[in-house]
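Notes follow the structure.
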Amino acid sequence: MKNARVPVSSILLLFLIAGICSGAAVEAANQQNKFRLKPGAQGKICLTCHVTFQEKLRQPFVHSPVKNGECSGCHNPHASAHGKLLAAESGRICLTCHDDVVPKNAASSHKVVLEGNCGKCHDPHSAANRNNLLVAGNALCYGCHKDMEDSLKKVKYKHGPVEKGCLSCHNPHASATFASLLKEDVPSLCTKCHKAGTPTFQKQHMNYPVAKKRCTICHSPHGSDRPGILYANVHRPVANKMCGQCHEDPGSKDPFATKRTGIELCKGCHSNLVNDAYNKNRIHWPVTDKTGCIHCHEPHASAEKAMLKAPMSALCGECHADSVERTQRADSKHAPVKDGFCTACHSAHASNNMFLIEQASTIELCGTCHDYQKHQTHPIGLKYTDPRNKNLSILCNSCHAAHGTENKRMLYYQTVTDMCTQCHTQHKR
Amino acid sequence: MNRSLLTSLMVLSAVLLLPVLQAGADTVKLRPVVSAYGDMKGAGFSEPEGVGCGTGQQFIIADTGHGRLQQFQIADDGIKPGAEIKVPQINYPQRVRLNSQGDIFVLDGKQHRIIRLNAAGQFKSIIAAKGIPGPVPSMMPRSFAIDKADTIYVLDVLSSRVVIAGPDDVYRKQIAFPQGNGFFSDLAVDASGTLFLLNSVTGSVYSAAAGSDVFTLLVKDLRSFSRFPTSLAVDQKRIYVVDQYGGGVAVLGRDGAFQGHKLKTGWKEGELRYPSDICLMEAGYVMISDRGNNRVQVFMLEDENK
């Protein structure tokens, strides 16, 4: 074999690469041992003081850095601006490794995750449960979602997967594409178990091709007191399986099309209610457009009374957001407003009076709950003219804001003096 | 500090202040002039919801709670009540507008129709936009406007459209509401025929130039400046949006830029409680139906810096 001559430049290049590699290796080693612990000291050195921590290490599930003795992965052994000598803010420290728990632009995210409260579910060191969870199973979720636990205890029919575990349907941290942390969207999530092609399924749904519709329009996904886990309040035609009262025939070209649009459809059964509304001076405008009743009501089933789409305050707040927000900020709130019971004073459909108030006079309206004798020393009533405006009478809302204010007793002004001297100007100082 | 640095700072300040000064020069205030509390017999108004301005000195109040109209004239920086108009076809007047001939158009909230009266207040017809296409060949008017050429624009909430009819009440065309949520509560038209449409829930204002078949977004969300915008009026320089819950008027430039929130909630003269309608007169008068105070207030548009 002929001796090959290696060029000097190649040798130099090799040395350079070797140098870079060894430099990188040293840097990596330094990173791993940035506190320059003595060989073998890593992890063990912390335990010399934190002796009770040994117990933690004996738990069945130990966080990998803890298992590897990398206490300084999360804690600074000397000093820190954060509690527990954490190397970063407690809400962010987990993200240094687990930065992928919430996908970018996630469709829904668990609030505790966004707030960085990982410790509400996970023990950062070790736990008796998989994934270092503080508590196993649904009990962990019920720690915050107590109302769900309570309602599930009461309901007659529980959805099987709920009993199996919340994670049957939900992701614990976030869902990249679906609302409510769902693993898949409805109905595909549902049809994984509930096969849409079976004769029973078809019979239950009156042969309407519901497999591509949102099951949660009618069914409570967690459980309910009604067979078929239907929501508590079911529209009578649905309960009676008379879909054809509103929809076209299941075998037709567009089976879900309604036979009429807007209020005209609802009028078929609710004619008295509709006629009554249209005979009033003022109608709630959403009633009149082509969406009509279903602006506010579910047409099939609802967990809310009167088949409202959402609790009343939230529903009204969809349009009257400003009123709801201001009331939330008010220190003194009118009780019905506080309870989200807007229809205590307002008619949802129509009225002869301004603001769709039920009674013509605010005196009458307020008097349904309040006793005027408490104001016997102050003239109130239509015969007393408001000194500020000759076209107004002294009524309850001359001094009190109907929804509430930042001031005591729902007064418009901060002090009683300020309030009274609006009219009794001679006493103003 | 050396002279060149000082000069530079002065130039920079001038450049930075220029837009502010320009904006200041362009903004207006609403000076309270007088309020209309009732008719010539002294009978007070009840929740007057609408006010319409004529081409001259005339304006008409929709005295909603009393189911009547009341005519007024501007006179020597004051107002003079004219005749009351009460016709059986009108039960609950919510909007009133006048055309160039002095005909009076009234939206009756109870019967959901627009009634046309002649200048003397006699019933003429019910606006139907004859020949209006379906799917529903009728209208549920929420509001309406009339331009200089007496073209009628009806905000039809039933079919989510603005229906345009000629002075003869014959259907001309329709413009669909913009897609999206919310609720359209008022429209206005300027001298050049540009149409403005207000969404109260989203606080958006849309416009459609004369001849256009679509609305385009002009203001995305007014709610930072107006708690619940319910009606609007427009002149050659500005758009005036009545803030029902906030008791005031949001003033916008024609480009939609916010120029200020005028007036405040209250009972006194110059203050508003749940105002519901607005109209403008060429002489600079602004009429606002101050519904919660049972009156209509007359303001004068003035330069803010005056």
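Throughout, a chain's letter reflects where its sequence line sits, starting with A, and its residues are numbered from 1. No experiment lies behind these values; they were computed from the predicted model shown.
Other residues, nucleotides and ligands contribute at most 12 non-hydrogen atoms within 6.0 Å of the NZ atom of Lys267(A). Atom NZ of Lys309(A) has more than 12 heavy atoms from other residues, nucleotides or ligands within 6.0 Å. Within 6.0 Å of NZ in Lys259(A) there are more than 12 heavy atoms belonging to other residues, nucleotides or ligands. In the displayed structure, Tyr274(B) atom OH is contacted under 6.0 Å by at most 12 heavy atoms of other residues, nucleotides or ligands. Within 6.0 Å of CD in Gln414(A) there are 12 or fewer heavy atoms belonging to other residues, nucleotides or ligands. Residue Lys264(B) qualifies as open at atom NZ: its count of foreign heavy atoms under 6.0 Å is 12 or below. More than 12 heavy-atom neighbours from other residues, nucleotides or ligands sit within 6.0 angstrom of CG on Asn275(A).
For the atom pair CD (Glu325(A)) and CZ (Arg223(B)), the distance works out to 8.5 Å, reported to the nearest 0.5 Å. Rounding to the nearest 0.5 Å places CZ of Arg295(B) at 10.5 Å from NZ of Lys390(A). Separation of atoms OH (Tyr278(A)) and CE (Met140(B)) is listed at 3.5 Å; rounding is to 0.5 Å. Residue Tyr92(B) holds its OH atom at 12.5 Å from CD1 of Ile283(A), rounded to the nearest 0.5 Å. For the atom pair CZ (Arg388(A)) and CZ (Arg273(B)), the distance works out to 7.5 Å, reported to the nearest 0.5 Å. Atom CG of Asn389(A) is separated from atom NZ of Lys268(B) by 12.0 Å, given to the nearest 0.5 angstrom.
For a residue to count as touching a neighbouring chain, one of its non-hydrogen atoms must lie under 4.5 Å from one of that chain's; by this rule Tyr412(A) touches chain B with the side chain only. Of the atoms belonging to Pro141(B), it is backbone heavy atoms, and not side-chain ones, that fall under 4.5 Å from chain A. For Thr261(A), no part sits under 4.5 Å from any heavy atom of chain B, backbone or side chain. When heavy atoms are compared at a cutoff of 4.5 Å, Glu49(B) approaches chain A solely by way of its side chain, counted from C-beta outward. Proximity to chain B (any heavy atom under 4.5 Å) is restricted, for Glu318(A), to the backbone atoms N, CA, C and O. Using a 4.5 Å cut-off between heavy atoms, Phe228(B) contacts chain A through its side chain alone, with no backbone atom that close. Both the backbone and the side chain of Phe45(B) come within contact range of chain A, with heavy atoms under 4.5 Å apart. Proximity to chain B (any heavy atom under 4.5 Å) is restricted, for Lys280(A), to the backbone atoms N, CA, C and O. Residue Asp386(A) touches chain B through its side chain alone, counting heavy-atom pairs closer than 4.5 Å. Contact of Gln94(B) with chain A is made through the side chain alone, with heavy-atom distances under 4.5 Å.
Remark: the Tyr245(B) side chain and the His320(A) side chain contain an N/O donor-acceptor pair separated by less than 3.5 Å.
The candidate from Ile263(A), Asn353(A), Leu392(A) with the greatest count of non-hydrogen atom pairs under 4.5 Å with chain B is Leu392(A).
Contact detail for Met354(A) and Gly292(B): the closest heavy-atom pair is CE-CA, 4.1 Å. Taking all atoms of both residues into account, the shortest heavy-atom contact from Asn281(A) to Lys110(B) is OD1-CD, 3.2 Å.
Side-chain contact between Asn293(B) and Asn391(A) is absent, with no heavy atoms from C-beta onward closer than 4.5 Å.
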